[in-house]
Amino acid sequence: MRLVMIGLGRMGGNMARRLMQAGHEIVAYDRDTDAVAKLADAGAIAAASLDEARARCQEGGAEAIWWVMLPHGAVTDGVIDQIAGGASAGEVVIDGGNSFYKDDIRRAKALAEKDVHYVDVGTSGGVWGLERGYCMMIGGPDQVVRDLDPVFSALAPGAGSIERTRGRAEGIDDRAERGYIHAGPAGAGHFVKMIHNGIEYGLMQAYAEGFDVLKGKASEKLPEDERYDLNLADIAEVWRRGSVISSWLLDLTAQALASDPHLEKFSGNVADSGEGQWTIEAAMEEAVPVNVLTTALFARYRSRVEHTFGEKALSAMRFGFGGHVEMPQ
Ligand SMILES: O=C(CO)[C@H](O)[C@H](O)COP(=O)(O)O
């Protein structure tokens with residue numbers, strides 16, 4: 001198939017490459033003309049504007065398919081509005097970024113008025129996706145998603161060497177086993193991806209806290225015979241092998257500790273892109289308790305300030321009721 005890839009950053013660029021490796025044709029568009037030129041060197045058709053991208057995509061006679069891979073919010077909305085402005089009936093807009101699922105529902109309704117189809121794809125795989133493939137959670141109309149199957153199938157990891165899940169029925173839709181699902185109508189793909197990312201926050205926080213406690217065991221504040229100077233890189237390594245908590249996130253932790261045992265490259269000011277917060281908002285709408293996920297998000301907020309005003313207030317109250325002084329820095 002021929003499709004336009006808009007946004008040729010870490011994700012979009014590599015997804016375009018993976019699609020071309022599978023025989024698809026990519027019309028490449030990005031405001032960064034160097035990124036377009038680089039992808040053209042790898043075999044893509046370069047486009048200097050959205051109009052040109054549409055024309056090049058339609059050359060084969062089919063309506064344009066747009067895969068948008070941009071930061072969520074205003075940037076993605078702006079580009080989709082521009083596409084919609086010149087769109088013909090039958091075009092397909094796919095948002096493969098990390099959009100908020102309620103934005104998908106709104107966009108799908110607006111585009112449907114022009115008979116333009118909208119598909120939301122929560123895409124996981126990060127910078128490793130070119131090689132390993134991308135796990136995709138898809139929302140949108142059934143037939144449109146079916147028609148795009150060659151694209152999803154090429155991007156997905158495939159069944160690979162992962163054993164079939166014991167107890168899973170034979171002869172059912174095997175897309176999940178090949179690394180992608182059609183989760184439901186507009187927004188369902190990004191909703192599932194949002195929860196995936198919420199879980200990601202919780203898992204990451206659990207590893208981070210565990211390693212913090214291991215590191216702290218060398219503290220001079222502990223009795224001498226209870227101090228251990230633990231090799232964190234080795235602990236991460238051994239847990240990768242047969243332990244209950246082995247995972248890809250642990251693999252990445254082991255890699256980071258192997259090359260930088262004190263993680264000196266990092267300040268520890270942890271950013272977030274919104275999915276953790278949206279997960280908690282969704283849980284509140286459903287009145288579902290998400291204690292771990294909430295704590296993980298708040299730990300990120302906490303990581304960005306040396307001391308909060310609230311912590312100063314704590315010290316002030318302790319001092320007020322008991323004359324208790326603060327810990328020395
Ligand atoms: O989609 C992803 C992985 O699957 C994102 O890369 C990841 O979740 C980053 O999110 P945040 O910036 O909030 O940590």
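In terms of heavy atoms, A176 sits closest to I181 at CB-CG2, 3.5 Å. Taking both residues in full, the closest heavy atoms of E220 and R227 are given as O-NH2, 3.2 Å, listed atom of the first, atom of the second, then distance. Contact detail for G96 and T123: the closest heavy-atom pair is O-OG1, 3.0 Å. Residues L249 and E200 approach most closely at CD1-O, 4.4 Å, considering heavy atoms. When all heavy atoms are compared, the tightest approach of H72 to S273 is NE2-O, 2.6 Å.
Judged by the 6.0 Å and 45° rule, R175 forms no cation-pi pair with F152.
Following chains of ILVMFWY side-chain contacts shorter than 4.5 Å, one cannot reach L297 starting from M194, and the two form parts of different hydrophobic clusters. Taken together through direct or relayed side-chain contacts under 4.5 Å among Ile, Leu, Val, Met, Phe, Trp and Tyr, V144 and V192 form parts of separate hydrophobic clusters. Hydrophobic clustering of Ile, Leu, Val, Met, Phe, Trp and Tyr side chains at less than 4.5 Å, counting indirect connections, unites Y134 with Y180.
Ring-plane geometry between Y101 and F191 is classed as perpendicular, the angle between the planes exceeding 60 degrees on a 0 to 90 degree scale with a lower cut at 30.
V93 belongs to a hydrophobic cluster whose other members, connected by ILVMFWY side-chain contacts under 4.5 Å either directly or through intermediates, are V4, I6, V27, Y29, I45, L50, W66, V68, L70, V75, V79, I80, I83, L111, V116, Y118. With a 4.5 Å cut-off between side-chain heavy atoms of Ile, Leu, Val, Met, Phe, Trp and Tyr, the cluster of V305 takes in none.
Checked for salt-bridge contact, E63 and K114 miss the test: no charged N lies under 4.0 Å from a carboxylate O. Contact check on E237 versus R241 returns a salt bridge, with a Lys/Arg side-chain nitrogen under 4.0 Å from an Asp/Glu carboxylate oxygen. A salt bridge between R106 and D77 is present, with a side-chain N of the basic residue lying under 4.0 Å from a carboxylate O of the acidic one. Of the charged side-chain nitrogens involved, none lies within less than 4.0 Å of a carboxylate oxygen, so that D174 and R164 do not count as a salt-bridged pair.
If you take CE on M11 and CG on L130, they are separated by 11.0 Å, rounding to the nearest 0.5 Å. Here the OH-CD1 distance, from Y201 to I280, works out to 8.5 Å after rounding to the nearest 0.5 Å. Distance CG/L293 to CD/E275: 13.0 Å, rounded to 0.5 Å.
No hydrogens or angles considered: a donor-acceptor pair under 3.5 Å links the side chains of S99 and D95. Using modelled atom types, one finds a donor on one side chain and an acceptor on the other under 3.5 Å when comparing Q143 with D147.
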Run H190 and W278 through ring pair (Phe, Tyr, Trp, His ring centres under 6.0 Å) and show every step you take. CA-CA 11 Å; H190 277 144; W278 301 335; 8.8 Å; no

Check the pair M136, L155 against side-chain contact (heavy atoms from CB on, under 4.5 Å), reporting the backbone distance first and the verdict last. CA-CA 8 Å; M136 285 165 291; L155 285 171; 3.6 Å; yes

Would R107 and D104 count as a side-chain contact (heavy atoms from CB on, under 4.5 Å) here? Give the steps. CA-CA 5 Å; R107 291 179 196 145; D104 296 318; 3.7 Å; yes

Would you please test H182 and L148 for side-chain contact (heavy atoms from CB on, under 4.5 Å) and show each step? CA-CA 11 Å; H182 182 200; L148 290 168; over 6 Å; no

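Residue pairs meeting the ring-ring contact (aromatic ring centres under 6.0 Å, His included) criterion with at least one partner in residues 204-233, sequence neighbours excluded, are F211-W239.
Side-chain atoms of R54 do not come within 3.5 Å of backbone N or O of S88 as any donor-acceptor pair.
Checked against the 6.0 Å centroid threshold, W67 and H24 do not count as a close aromatic pair.
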